[in-house]
Amino acid sequence: MPYVETAPDVQLYFEDWGQGQPVVFLHGWPLNHKMFEYQVNQLGNHYRCILIDRRGFGMSDKPWEGYDYDTLADDLNAVFEALDLQDITLVGFSQGGGEAIRYMSRYQGARVSKLVLLGAAAPHMLKTDDFPDGIDKSMFDEMIENSLQDRAAFIEDFSKKFFGVSLLNNPVSSKLADWFHGLAMQASPKATVDNILTFSQADLRADLASIQVPTLIIHGTSDQVVPYEISGQLLAENIAGSQLVPYEGAPHGFFYTEWPRLNQDLLDFLAVPVVTSSTVPSGTTW
């Protein structure tokens, strides 16, 4: 089985498909690498797609601790070194976006030439005195309590917000909802809760200045999990030269509901040659 040891007694599972320039996918909470099925089936024809299960999720080891962003960035760096990856396009969805941002800051963007943030749970989720537009702490407390009391039922309810399911809109089949539920339940209960604390409490605003590579930001404007205004819009305003692509009316789970459009946007972004700062004319945007 393909594993990389990233810390003593911690091994991360990964899958390595296709050939060419590496594209590394970081999954969202509470899923695992399999969420990117609809992307890799197409992108794998053109690029080397590497999918990693975060510690505590999927087929990776499930230690009791180590779910802060610094440790997750260290895990990611260990995978990059073990596979000797260069010229990476790093794609982070939801919490994976926060993980990618901390990696870019902690390791000065080493080995990464492009960044993609999909529905990123960043840069700051929690409502605080200096961030009054954030989400109230009581919502995250409720998520933790519901996960501890009946994780299976909590995940079922969460999936409705995730995909924007309502009485008038049901963009996913019951079988795909079951698939989502199964992926989420593969996570350890401890990792499920600890990562809620991580993505809700982290403040990545200062990390954004470290991002010096072409960055594509895609976010659904009807996201009920990570609101567009405090994430996609704010990221675009604070990452120099970034490109924001709003998906009008799309939910958090647009990797499935909008997958043909998303795949084309990713392919278009990947095809753009990387240029150095010395060759970029003044005023150019990516």
Side-chain angles (χ1 to χ4, degrees), residues 14-18 20-54 57-58 88-100 114-121 155-156 158-166 168-184 186 215-228 231-232 235-236 243-272:
F14 70 95
E15 292 190 356
D16 192 342
W17 294 357
Q21 178 189 350
V23 183
V24 176
F25 291 85
L26 306 180
H27 64 81
W29 175 95
L31 303 171
N32 57 54
H33 78 277
K34 292 182 179 180
M35 64 161 280
F36 292 112
E37 173 180 332
Y38 291 86
Q39 283 67 59
V40 176
N41 276 349
Q42 188 167 4
L43 270 68
N45 293 320
H46 309 279
Y47 297 95
R48 179 185 178 187
C49 296
I50 298 166
L51 304 97
I52 306 168
D53 280 346
R54 185 177 300 114
F57 295 83
I88 299 166
T89 296
L90 185 57
V91 181
F93 172 77
S94 197
Q95 186 187 357
E99 183 181 351
K114 292 182 180 180
L115 177 65
V116 181
L117 301 174
L118 305 176
I155 294 300
E156 182 178 10
F158 177 74
S159 69
K160 296 175 183 177
K161 292 179 62 177
F162 193 96
F163 289 114
V165 174
S166 67
L168 300 177
N169 184 44
N170 191 2
V172 297
S173 68
S174 62
K175 294 303 181 183
L176 190 128
D178 290 344
W179 175 68
F180 175 95
H181 192 273
L183 296 185
Q186 291 177 36
T215 301
L216 174 64
I217 300 165
I218 301 178
H219 211 105
T221 61
S222 295
D223 193 326
Q224 299 178 48
V225 177
V226 181
Y228 171 79
S231 180
L235 289 169
Q243 175 189 359
L244 172 62
V245 180
Y247 280 13
E248 293 296 331
H252 192 57
F254 64 81
F255 64 89
Y256 172 73
T257 64
E258 315 292 325
W259 72 261
R261 178 184 179 185
L262 174 59
N263 288 1
Q264 189 58 58
D265 285 341
L266 290 174
L267 287 168
D268 290 345
F269 182 67
L270 284 161
V272 175

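When reading the values below, keep in mind they use all heavy atoms of this one structure, side chains included, and skip hydrogens, waters and symmetry mates.
- Residue pairs meeting the salt bridge (charged side-chain N to carboxylate O under 4.0 Å, His left out) criterion with at least one member in residues 250-262, sequence neighbours excluded, are Arg261-Asp265.
- Here Thr89 pairs with Gln21 under the side-chain hydrogen bond (donor to acceptor under 3.5 Å, both in side chains) rule; sequence neighbours left out.
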(message) Show, in sequence, the C-alpha distance, side-chain angles and deciding distance for Phe25 and Trp17, and conclude whether the ring pair (Phe, Tyr, Trp, His ring centres under 6.0 Å) test is met.
(response) CA-CA 12 Å; Phe25 291 85; Trp17 294 357; 9.8 Å; no
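- Annotation: side-chain hydrogen bond (donor to acceptor under 3.5 Å, both in side chains) contacts of Gln224 (sequence neighbours excluded): none.
- When the side-chain hydrogen bond (donor to acceptor under 3.5 Å, both in side chains) test is applied to His252, the partners found at least two apart in sequence or on another chain are Ser94, Asp223.
- When each of Phe36, Phe14, Phe57 is checked for a ring-ring contact (aromatic ring centres under 6.0 Å, His included) with His27, only Phe57 meets the rule.
- When every heavy atom of Ala100 is checked against every heavy atom of Leu117, the shortest pair comes out as CB-CD2, 4.5 Å.
- The shortest heavy-atom contact between Pro30 and Ile155 is CG-CD1, 3.7 Å.
- Nearest heavy-atom pair across Leu244 and Ala236 is CB-CB, 3.7 Å.
- In this structure Tyr47 satisfies the ring pair (Phe, Tyr, Trp, His ring centres under 6.0 Å) test with no other residue, sequence neighbours excluded.
- By the 4.5 Å heavy-atom criterion applied to side chains, His219 and Val226 are counted as neighbours.
- What you find for Ala121 and Ser231 is that their closest heavy atoms are N-OG, 4.5 Å.
- Between Tyr38 and Trp259, the angle of the ring planes lies from 30° to 60°, which puts this pair in the tilted group.
- Applying the side-chain contact (heavy atoms from CB on, under 4.5 Å) rule to Thr221 yields the partners Tyr228, Pro246, Glu248; only residues at least two apart in sequence or on another chain are considered.
- Here the NZ-CG distance, from Lys34 to Asp53, works out to 8.5 Å after rounding to the nearest 0.5 Å.
- Note that CD1 of Ile218 and CG of Leu235 are 12.5 Å apart. Values are rounded to the nearest 0.5 Å.
- In terms of the salt bridge (Lys or Arg N to Asp or Glu O under 4.0 Å) criterion, residue partners of Asp16 (sequence neighbours excluded) are, by chain and number, Arg48.
- Ring-plane geometry between Phe255 and Phe93 is classed as perpendicular, the angle between the planes exceeding 60 degrees on a 0 to 90 degree scale with a lower cut at 30.
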(request) Could you please spell out the steps behind the side-chain contact (heavy atoms from CB on, under 4.5 Å) verdict for Val116 and Val23? (result) CA-CA 10 Å; Val116 181; Val23 183; over 6 Å; no
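- When all heavy atoms of Thr257 and Pro251 are compared, the pair lying nearest together is OG1-CD, 3.6 Å.
- Listed here is the closest heavy atom pair of Gln95 and Arg54: OE1-NH1, 3.8 Å.
- For Gln264, the side-chain contact (heavy atoms from CB on, under 4.5 Å) partners are Leu267, Asp268, not counting sequence neighbours.
- Scanning for side-chain hydrogen bond (donor to acceptor under 3.5 Å, both in side chains) contacts around Asn32 gives Gln186, with sequence neighbours left out.
- Distance check, rounded to the nearest 0.5 Å: CG of Leu43 to CG of Asn263 gives 6.0 Å.
- Side chain of Lys114 to backbone of Phe269: a donor-acceptor contact under 3.5 angstrom is found.
- Between atom CG of residue Leu115 and atom CD1 of residue Ile217 there is a gap of 8.0 Å, rounded to the nearest 0.5 Å.
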Side chains of residues 168-175: which donor-acceptor partners sit under 3.5 Å, not counting sequence neighbours?
unit_1	atom_1	unit_2	atom_2	d
Asn169	ND2	Gly164	O	3.1
Ser173	OG	Leu176	N	3.0

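- Phe180 pairs by the ring pair (Phe, Tyr, Trp, His ring centres under 6.0 Å) definition with Phe162, Phe163, not counting sequence neighbours.
- With sequence neighbours excluded, no residue forms a side-chain contact (heavy atoms from CB on, under 4.5 Å) with Ala177.
- Atoms CE and CG, from Met35 and Leu183 in turn, are 9.5 Å apart once rounded to the nearest 0.5 Å.
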